[in-house]
Amino acid sequence: MTIPAETRRAINEAEVRRYFSSWDPTWRWILLLGLRDMRANLPRLGKLATEEMGNATWSEEYYIYGPLALGVTAAAVNEASQHCEVGRF
């Protein structure tokens, strides 16, 4: 069954309106707080990852303060820049 183009357009418009009527860009600030907490507790995060996936190297110091620290920091910088785009920072 094919949905007529007019119906698809109407559905799309309704969904876009619904999305933006409930959108709250401040959720990203909460995510940044979570990333800050993760960055402050890297050994805990490495231990959690090791326990969940069984990769012992993820809880070793060289990994925690190397790739893991850099990755979480990069994610935070990315989220901060996106948060600034909405002008709510």
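Numbering starts at 1 and runs along the sequence shown.
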- Are any side-chain N or O atoms of Thr50 and backbone N or O atoms of Ser59, one a donor and one an acceptor, separated by less than 3.5 Å? yes
- Task: Only counting residues at least two apart or in another chain, list the ones meeting side-chain hydrogen bond (donor to acceptor under 3.5 Å, both in side chains) with Arg18.
- Result: Glu15
- Message: If the condition is salt bridge (charged side-chain N to carboxylate O under 4.0 Å, His left out), which residues does Glu6 pass it with, not counting sequence neighbours?
- Response: none
- Query: Are side-chain heavy atoms of Ile64 and Trp58 found at a separation under 4.5 Å?
  - Reply: no
- Contacts of Thr7 meeting side chain to side chain contact (heavy atoms under 4.5 Å, CB included) (sequence neighbours excluded), chain-then-number -> Ile3, Pro4, Ile11
- Under 6.0 Å from the CZ atom of Arg36, do we count more than 12 heavy atoms belonging to anything else shown? no
- Query: Is any side-chain N of the basic residue among Arg17 and Glu13 closer than 4.0 Å to the acidic one's carboxylate O?
  - Reply: yes
- Partners of Ala76 by side chain to side chain contact (heavy atoms under 4.5 Å, CB included), sequence neighbours excluded? Leu32, Leu35
- side-chain hydrogen bond (donor to acceptor under 3.5 Å, both in side chains) with Glu60: which residues, sequence neighbours excluded? none
- Tyr65-Tyr62 co-clustered via ILVMFWY side chain contacts under 4.5 Å: yes
- Message: Just to verify, what does Glu52 make a salt bridge (charged side-chain N to carboxylate O under 4.0 Å, His left out) with, not counting sequence neighbours?
- Response: none
- Query: With Tyr19, which residues qualify under ring-ring contact (aromatic ring centres under 6.0 Å, His included), at least two apart?
  - Reply: Trp23
Taking only distance into account, with no hydrogens and no angle test, what donor-acceptor pairs under 3.5 Å do side-chain atoms of residues 37-48 form with protein atoms, sequence neighbours excluded?
from  : atom 1 : to    : atom 2 : distance (Å)
Asp37 : OD1    : Asn41 : ND2    : 3.1
Asp37 : OD2    : Arg44 : NH2    : 2.9
Arg39 : NE     : Thr73 : OG1    : 2.8
Asn41 : ND2    : Asp37 : O      : 2.9

- Shared hydrophobic cluster for Val77 and Trp27 (ILVMFWY, side-chain gaps under 4.5 Å): no
- Here the gap from Thr26 atom OG1 to His83 atom NE2, rounded to the nearest 0.5 Å, amounts to 7.5 Å
- Note on the structure: Residues passing the side-chain hydrogen bond (donor to acceptor under 3.5 Å, both in side chains) test with Glu61, sequence neighbours excluded, are none
- Which salt bridge (Lys or Arg N to Asp or Glu O under 4.0 Å) pairs, counting each pair once, include a residue from residues 66-79, with sequence neighbours left out? Arg28-Glu79
- Got a sec: does the CZ of Phe20 have more than 12 other heavy atoms crowding it under 6.0 Å? no
